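In what follows, a single structure is set out as structure tokens and then discussed.
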Amino acid sequence: MSETINEPVSVALWSNHTTRKILPYSLYWHGRRYQISTVGFHHTYHVGRILMHVFSVTDGVTFFRLELNAETLEWQLLDVEAGN
Amino acid sequence: MLDFVFTTNPPVIMHVDINSCFATIEQQANPLLRGKPIVVAAYTTNNGCILAASVEAKRYGIKTGMRIKDAKYLYPHLIALSPDPSKYRVVNRKLTTLLEEYSPHVSVQSIDEMVLSLADTPALFRALKSHTTVLEAMISVAREIKQRVKEEIGEWITVSIGIAPNRYLAKVASGLEKPDGLRWITKENIVSVLEPMRLEDLCGIKDGNATKLRGVSIMSPLSMLYTDSDTLKRGFHSIIGRHWWLRMHGWAASADGYGELKQKSFGQSYAMSASYTAKDTQVWQILSQLTMKMGRRLREDGFSARGIAVSLMFGDHTHWGNQMLQTESLFADRDFYEKSWEILHHAPEKVIRILAVSCYALQKDLYGQLSLLPEENKKIMITRAIDEIQERYGSFVLTPARMMHMEHTVMDRIAFGKAGLSANVRS
């Protein structure tokens with residue numbers, strides 16, 4: 001069952017200019033670091049003219065949905081879901 | 001074996017269908033859901049209607065259209081998710097872009113279905129260098145597309161591809177093997193493909209048409225193949241019979257063209273989550289939100305409309321609807337709301353399950369002429385200003401006062417068919 005969070009979080013991002021790929025690789029939330037092992041999907045949508053990037057990621061145990069606001073460059077953890 | 005005529009056109013049409021589209025995309029996004037029975041439903045409550053079931057859920061007999069509670073009888077640990085339309089539109093756009101590398105003739109049929117013609121394309125020409133027949137070349141292109149979908153869109157996403165000389169048979173072929181299928185229909189194999197099928201198994205033939213066909217002794221798709229065009233016309237009581245004869249024999253029917261679908265109406269609907277009647281303020285608020293969404297999409301495409309219609313499905317599964325045709329064009333949200341409210345006001349006082357509003361009699365003349373009436377020009381300027389503000393800051397940043405303290409929000413949804421692809425209006 002997914003739990004809505006909607007909290008600002010810190011995310012470390014890795015970018016590769018040759019493959020033109022940008023991947024979040026770790027997430028810091030509530031004093032804990034989560035090592036992201038898989039980015040399932042990356043998509044974008046607009047709120048007005050602001051482009052939002054959504055990364056659906058997992059550390060292998062928990063699923064996280066992270067959102068990057070392309071205007072403010074702030075990250076939000078939208079929701080989490082424990083695997084079973 | 002009986003003989004039949006069949007087109008000599010090569011099988012250059014490809015129908016591409018994303019398997020269990022919404023559910024597969026959710027499993028792509030969340031690797032922890034892969035291999036599990038999941039569904040995407042309009043609402044995740046017990047009465048929520050299933051929009052897509054994963055391949056694993058389908059193995060338990062869970063299907064699109066079922067209620068969650070009925071699906072949970074079949075598999076109690078079923079995971080139900082809400083739809084995320086922006087994700088599905090991104091996959092649709094990525095797949096369209098990928099297919100456009102193979103052909104300039106790509107027709108997007110719906111959020112999960114595309115058709116392309118590879119006739120006279122460099123992609124087919126290239127494939128023919130290493131294959132002796134057009135069919136073999138098409139199969140090699142299809143295999144390449146399937147591989148690229150996995151590599152470039154998502155490793156969990158699979159497509160079923162059908163190849164045939166026309167669009168209809170290509171669609172039939174794509175449905176023969178799911179998931180991850182690749183099948184074709186040509187003169188050589190059409191008899192064996194159609195032999196096990198019932199009339200109702202053909203896309204476009206439901207109970208009514210099947211009964212009509214049985215009335216002229218056409219009992220199966222195979223007998224449609226062996227019959228003549230006049231018998232089919234008698235069976236369908238219309239020229240549609242001729243279109244079916246062409247389709248079944250590999251030719252293109254005029255009704256199946258590549259032309260853009262002509263927009264005839266814009267509509268929005270909402271499934272109520274509480275028991276309200278047409279007299280309740282909450283229903284008027286939802287109506288206001290629906291007309292705003294509808295109006296914005298209409299204006300975005302440069303239309304105005306003369307007709308407005310409201311339809312209701314009640315809790316007792318009965319329907320009610322009415323419509324109104326104006327002499328003047330409507331374009332402003334306020335006008336859409338007032339006219340639809342007038343219609344809704346006459347609705348029976350019963351609990352509403354689904355509220356739908358649409359506008360029709362479209363004219364591509366939005367803001368085309370300045371009016372002699374100053375109040376009309378003022379309305380144009382206000383509507384334009386509101387649209388600009390929403391374009392900049394997002395939908396519903398400005399709302400009519402009647403929507404204050406609104407308890408229920410109409411969510412973004414994917415409509416069936418091509419209408420669902422319109423994502424021009426930003427959230």
Side-chain angles (χ1 to χ4, degrees), chain A residues 1-6 9 11 16 18-27 29 34-72 74-84, chain B residues 22 24-38 40-41 44-45 68 77-95 151-157 296 300 386-398 411-412 414 423-427:
Chain A
M1 189 71 177
S2 166
E3 188 187 342
T4 305
I5 306 293
N6 288 334
V9 284
V11 174
N16 182 331
T18 53
T19 59
R20 300 187 65 194
K21 282 197 172 155
I22 289 179
L23 301 171
Y25 70 86
S26 60
L27 156 72
W29 178 50
Y34 298 86
Q35 179 78 40
I36 293 164
S37 56
T38 313
V39 177
F41 200 67
H42 162 228
H43 73 283
T44 54
Y45 73 100
H46 281 90
V47 176
R49 282 188 200 161
I50 301 172
L51 179 67
M52 312 294 274
H53 289 265
V54 181
F55 293 88
S56 301
V57 304
T58 175
D59 64 349
V61 180
T62 309
F63 171 72
F64 306 94
R65 225 152 52 88
L66 298 165
E67 186 177 81
L68 173 67
N69 181 320
E71 190 167 87
T72 62
E74 285 168 348
W75 286 89
Q76 278 241 325
L77 175 58
L78 300 178
D79 40 51
V80 296
E81 188 173 346
N84 44 36
Chain B
F22 298 175
T24 309
I25 295 170
E26 292 301 339
Q27 288 176 315
Q28 174 62 43
N30 182 352
L32 305 177
L33 296 177
R34 295 180 192 173
K36 292 180 182 172
I38 71 153
V40 174
T44 52
T45 49
I68 299 260
H77 304 294
L78 184 73
I79 298 166
L81 305 169
S82 296
D84 184 357
S86 60
K87 210 153 47 191
Y88 312 148
R89 289 191 186 110
V90 166
V91 170
N92 177 281
R93 278 200 295 273
K94 282 185 173 180
L95 182 57
E151 288 168 4
E152 297 171 31
I153 303 178
E155 71 271 24
W156 196 257
I157 294 171
R296 196 150 169 240
E300 183 95 0
I386 292 172
D387 281 348
E388 274 176 37
I389 290 168
Q390 302 209 94
E391 173 72 15
R392 174 68 184 87
Y393 296 102
S395 297
F396 301 114
V397 287
L398 284 179
M411 285 177 279
D412 183 19
I414 299 272
N424 294 337
V425 176
R426 292 167 175 179
S427 57

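Lettering follows sequence order; numbering is per chain, from 1. This is a predicted model, so every value here is computed, not measured.
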What's the spacing between A:T38 OG1 and B:R34 CZ if we round to 0.5 Å? 7.5 Å

B:P31: which of A:V57, A:V39, A:T58 passes side chain to side chain contact (heavy atoms under 4.5 Å, CB included): A:T58

Checking heavy atoms, do the side chain of B:L33, its backbone, both or neither come under 4.5 Å from chain A? side chain

For chain A, the option from B:V90, B:N30, B:I25, B:V397 that forms the most heavy-atom pairs under 4.5 Å: B:N30

For residues B:A29 and A:S56, report the shortest heavy-atom separation together with the two atoms involved. O-CB, 3.3 Å

Closest non-hydrogen contact found for B:L32 with A:V61 is CD1-O, 3.4 Å

Working to the nearest 0.5 Å, report the span between CZ of A:F41 and CD1 of B:I157. 6.0 Å

What heavy-atom pair brings A:E71 and B:R392 nearest, and what distance separates the two atoms? OE2-NH2, 3.9 Å

In Å and rounded to the nearest 0.5 Å, what is the CZ to NE2 distance from B:R93 to A:H43? 10.0 Å

Here the gap from B:K87 atom NZ to A:T44 atom OG1, rounded to the nearest 0.5 Å, amounts to 13.0 Å

Sort A:S2 into side chain, backbone, both or neither according to what part of it lies under 4.5 angstrom from a heavy atom of chain B. neither

Is there a donor-acceptor pair under 3.5 Å between the side chain of B:E391 and the backbone N or O of A:R49? no

